[in-house]
Asks: 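This is the structure I want to talk about, given as structure tokens.
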Protein chains: 2
Amino acid sequence: MSNLADRIEEYLKSVLEQADEGYIMLQRGFLANTFSCAPSQINYVLTTRFTAERGYLVESRRGGGGYLRIIRLGLDPEGKFQRLMAELIGEELSQERANNLIDRLEEEEIFTKREAVLIKSILADRILTDWVPSAEMLRARMMKEILVNMCRDDIII
Amino acid sequence: MSNLADRIEEYLKSVLEQADEGYIMLQRGFLANTFSCAPSQINYVLTTRFTAERGYLVESRRGGGGYLRIIRLGLDPEGKFQRLMAELIGEELSQERANNLIDRLEEEEIFTKREAVLIKSILADRILTDWVPSAEMLRARMMKEILVNMCRDDIII
DNA sequence: GACTTTATGACCTTTGTTGACCTTTAACTT
DNA sequence: AAGTTAAAGGTCAACAAAGGTCATAAAGTC
């Protein structure tokens, strides 16, 4: 019953489980070979099963010695980030709301003071406006990306 | 898995590490020989891995007794830092150059690992392209803004 | 039967590697 | 001293080795 995509997914997750680095690295060709499938099937599995919403991040490199790197995201206890991230999808975020959000996250010790300053500085209207058609949308997109990356299991604070 | 270019890079960096002059001198032919590769492969490694953003300078001399000199550039603490960075960043900044620069600043302990990940995540092509008329220009502007803010006296690492 | 999910193959982009040919410079000849 | 030769390093185009994309076919689902 279990189809190919499910089996590949299961395999990757089991390997990832044992990786104490928080990520695994492997080659697409190798995977395609072990599962006797088209290389692009691997991409299908990665894009449908290893998304940020499901708690994973995928990086890759082409060329000789290329690889895929699948990174596990530690899900925060109350799913706070999840909700925040969901909110920010397709959303617009003003500078004011962004600043409030960042301050709050700093208070909750999700961000350090330096990180908060850093993030605010680049999300500022002064930087984005006049360069971007919709600064508010880009800001939301960036904020979401930051939240995702702050959950990466391969960076131990 | 790991390709030749990466291994040569690693070797050169390890030698550079032990050099207390801040630079090393060696011959292209000798290197090509030790790694059993085409001499031009050495040039490839030098131009892709030992760039200014990554903190290196390469000088060379042809003819009999010719050599390669790889110099590690330190970030001098007194003031010139900002100017150097502004120069390095310029008006436009590609994702690749940005990543190299950020990695380098992390090595120099100007950024923490988390900060490096955070900055790279929002400067990614995936985030900026298709949203911004000139992603490269915005990226340069953001990178400069980050550096200014990270050097504020009121926030120590 | 219509719709959604899964699977494949053809074609593309990026990165790495090699070899043929070129330029520069020290050392050697005369 | 001038010219020649040999010993470096430089360039570039072609090829190899990865991963990416997208249209479309096949298989499930309801």
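Side chains are part of it too, since the values below use all heavy atoms of this structure and drop only hydrogens, waters and symmetry mates. Residue numbers start from 1 in every chain, and the chains themselves are labelled A, B, ... in the order their sequence lines are given, proteins ahead of strands.
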Asks: Assign a letter to each nucleotide of nucleotides 14-22 of chain C from its 5' end: B, base within under 4.0 Å of a protein heavy atom; S, sugar-phosphate only; -, no contact.
Replies: BBBBBB---

Asks: Which pairs would a plain distance check flag for residues 96-105 of chain B, meaning a side-chain donor or acceptor within less than 3.5 Å of a matching protein atom at least two apart in sequence or in another chain?
Replies:
| residue | atom | partner | partner atom | Å |
| --- | --- | --- | --- | --- |
| B:R97 | NH1 | B:L88 | O | 3.0 |
| B:R97 | NH2 | B:I89 | O | 3.4 |
| B:R97 | NH2 | B:E92 | O | 3.2 |
| B:N100 | OD1 | B:R54 | NE | 3.1 |
| B:N100 | OD1 | B:R54 | NH2 | 3.1 |
| B:N100 | ND2 | B:E53 | OE1 | 3.4 |
| B:N100 | ND2 | B:E96 | O | 3.4 |
| B:D103 | OD1 | B:K120 | NZ | 2.7 |
| B:R104 | NH2 | B:L73 | O | 2.8 |

Asks: What donor-acceptor contacts under 3.5 angstrom involve side-chain atoms of residues 130-137 of chain B, with partners at least two apart or in another chain?
Replies:
| residue | atom | partner | partner atom | Å |
| --- | --- | --- | --- | --- |
| B:S134 | OG | B:M137 | N | 3.3 |

Asks: Contact between A:N149 and B:L118 at the side-chain level, heavy atoms closer than 4.5 Å - yes or no?
Replies: no

Asks: What is the separation between atom CD1 on A:I42 and atom P on C:dG9, rounded to the nearest whole Å?
Replies: 14 Å

Asks: Please report the distance, rounded to the nearest Å, between CD in A:E59 and P in D:dG20.
Replies: 12 Å

Asks: Restricting to ring pair (Phe, Tyr, Trp, His ring centres under 6.0 Å), what partner residues turn up for B:Y67, sequence neighbours left out?
Replies: none

Asks: In the hydrophobic clustering that connects Ile, Leu, Val, Met, Phe, Trp and Tyr at side-chain heavy-atom distances below 4.5 Å, which members other than B:Y44 occupy its cluster, ordered by chain and number?
Replies: none

Asks: B:E59: which residues meet the salt bridge (Lys or Arg N to Asp or Glu O under 4.0 Å) condition with it, sequence neighbours left out?
Replies: B:R69

Asks: Separation of B:Y67 atom OH from D:dA7 atom C1', in whole Å?
Replies: 15 Å

Asks: Rounded to whole Å, please give me the gap between CG in B:N43 and C1' in C:dT24.
Replies: 14 Å

Asks: For B:D125 and C:dT13, give me the distance from atom CG to atom P, rounded to whole Å.
Replies: 15 Å

Asks: Just how far, in rounded Å, is P of D:dG20 from CG of A:L31?
Replies: 12 Å

Asks: Give the rounded distance in Å between these two atoms: CG of B:L68 and C1' of C:dT24.
Replies: 14 Å

Asks: For B:R126 and D:dG19, give me the distance from atom CZ to atom P, rounded to whole Å.
Replies: 19 Å

